[in-house]
Amino acid sequence: MTVALEEAAVAYEVRTAHIPAEPLDLNRIVALPLTPARQPLPKLHPTPVAALLQRAYYRLITGGWCTGALIDTEGARCLYGAIHVEARGDQNLESAAMNLLLDTIGREFGNDVDSVPSFNDAFASGHVPTRMVDRAADLADARGL
């Protein structure tokens, strides 16, 4: 197999040697800022738990999601890490948000999920965990929490 790949590479070089090519200058192509501008926080739900979950969702969307740690080296946070920092020391509010998030997760994935951190760490991408925080915020608002 290695010999066949090497022969194909040589054949490609021979067939394309006559095509003139200039080195590509990426500085002429990439003109966008490398760090996106932070968008203003959207209008929050009026209830405290819903607003906390909404702020945590926004933090995950803008700051990044991670697995295996509360916060990674680039500043991304896990679900609990985002809720914890947005609760700003209010442990009762944090606990209510975590319980509601676990309830929301249980509604969609069944009651086999033990905790929010274990749910967070079961994913390689933040799409589903982050979406669950958004759904929990809507559920908290519907319940008036």
Side-chain angles (χ1 to χ4, degrees), residues 1-2 4-6 8-13 16-17 19-145:
M1 182 68 166
T2 304
L5 289 174
E6 289 173 357
V10 169
Y12 175 79
E13 291 294 325
T16 59
I19 300 173
E22 294 181 24
L24 184 62
D25 183 12
L26 291 179
N27 291 329
R28 293 180 51 216
I29 295 173
V30 180
L32 298 174
L34 296 178
T35 55
R38 190 166 181 136
Q39 299 297 318
L41 192 63
K43 183 179 178 194
L44 295 176
H45 290 302
T47 57
V49 174
L52 166 60
L53 287 165
Q54 208 171 12
R55 288 192 312 270
Y57 171 75
Y58 182 74
R59 180 176 289 273
L60 290 167
I61 294 297
T62 59
W65 171 87
C66 74
T67 183
L70 287 176
I71 183 169
D72 71 4
T73 57
E74 296 174 0
R77 295 180 180 270
C78 69
L79 299 181
Y80 173 69
I83 291 171
H84 177 74
V85 75
E86 290 298 334
R88 300 178 182 123
D90 187 338
Q91 292 179 347
N92 292 331
L93 187 61
E94 180 181 326
S95 177
M98 291 293 288
N99 288 334
L100 187 68
L101 178 56
L102 188 58
D103 182 42
T104 304
I105 292 167
R107 286 170 171 243
E108 186 155 332
F109 293 93
N111 294 327
D112 295 339
V113 178
D114 295 334
S115 66
V116 172
S118 67
F119 175 79
N120 182 83
D121 293 347
F123 290 88
S125 163
H127 180 72
V128 173
T130 302
R131 186 182 72 213
M132 298 298 2
V133 176
D134 188 37
R135 288 189 180 172
D138 291 340
L139 181 60
D141 184 51
R143 290 184 180 177
L145 299 174

Query - Side chains of Leu100 and Arg143 in contact at under 4.5 Å (non-hydrogen atoms) - result: yes
Query raised in the report: Can you tell me how far CG of Leu52 sits from CE of Met98, rounded to the nearest 0.5 angstrom?
Result: 10.0 Å
Query - Closest non-hydrogen atom pair, Ala69 against Cys78 - result: O-CB, 3.4 Å
Query - Gap between atom CD1 of Ile83 and atom CZ of Arg59 - 0.5 Å precision - result: 12.0 Å
Query raised in the report: How far does CG of Asp134 sit from CG of Leu53, to the nearest 0.5 angstrom?
Result: 9.5 Å
Query raised in the report: Hey, does the side chain of Asp72 reach the backbone of Trp65 with a donor-acceptor pair shorter than 3.5 angstrom?
Result: no
Report summary line: Smallest heavy-atom separation, Leu101 atom then Met132 atom, equals CD1-O, 3.6 Å
Query - Side-chain heavy atoms of Leu70 within contact of Tyr80, under 4.5 Å - result: yes
Query raised in the report: Between the main-chain N or O of Gln91 and the side-chain N or O of Ser95, is there a donor-acceptor pair closer than 3.5 Å?
Result: no
**Report entry** Between OH on residue Tyr57 and OG1 on residue Thr62, distance to nearest 0.5 Å
**Finding:** 10.5 Å
Report task. Measure across Val49 and Ala96 and return the closest heavy-atom pair with its distance rounded to 0.1 Å. Result -> CG2-CB, 3.8 Å
Query raised in the report: Does the Asp121 side chain pair with the main chain of Thr67, one donor and one acceptor, at a distance under 3.5 Å?
Result: no
Query raised in the report: Shortest non-hydrogen contact from Ala50 to Ala137?
Result: CB-O, 3.5 Å
Query - Minimum side-chain heavy-atom gap Leu139-Arg107 below 4.5 Å - result: yes
Query - Spatial distance of atom OG (Ser115) from atom CG (Asn120) [nearest 0.5 Å] - result: 9.5 Å
Requested in this report: Give a yes or no on whether a salt bridge exists between Glu86 and Arg77, defined as a side-chain N under 4.0 angstrom from a carboxylate O.
Outcome: no
Query raised in the report: Are Val128 and Phe109 close enough that some pair of their side-chain heavy atoms sits under 4.5 Å apart?
Result: yes
Report summary line: Heavy-atom nearest pair, Thr47 first then Leu145, reads OG1-O, 2.5 Å
Query raised in the report: What are the two closest heavy atoms between Ala87 and Glu94, and how far apart are they?
Result: CB-CB, 3.7 Å
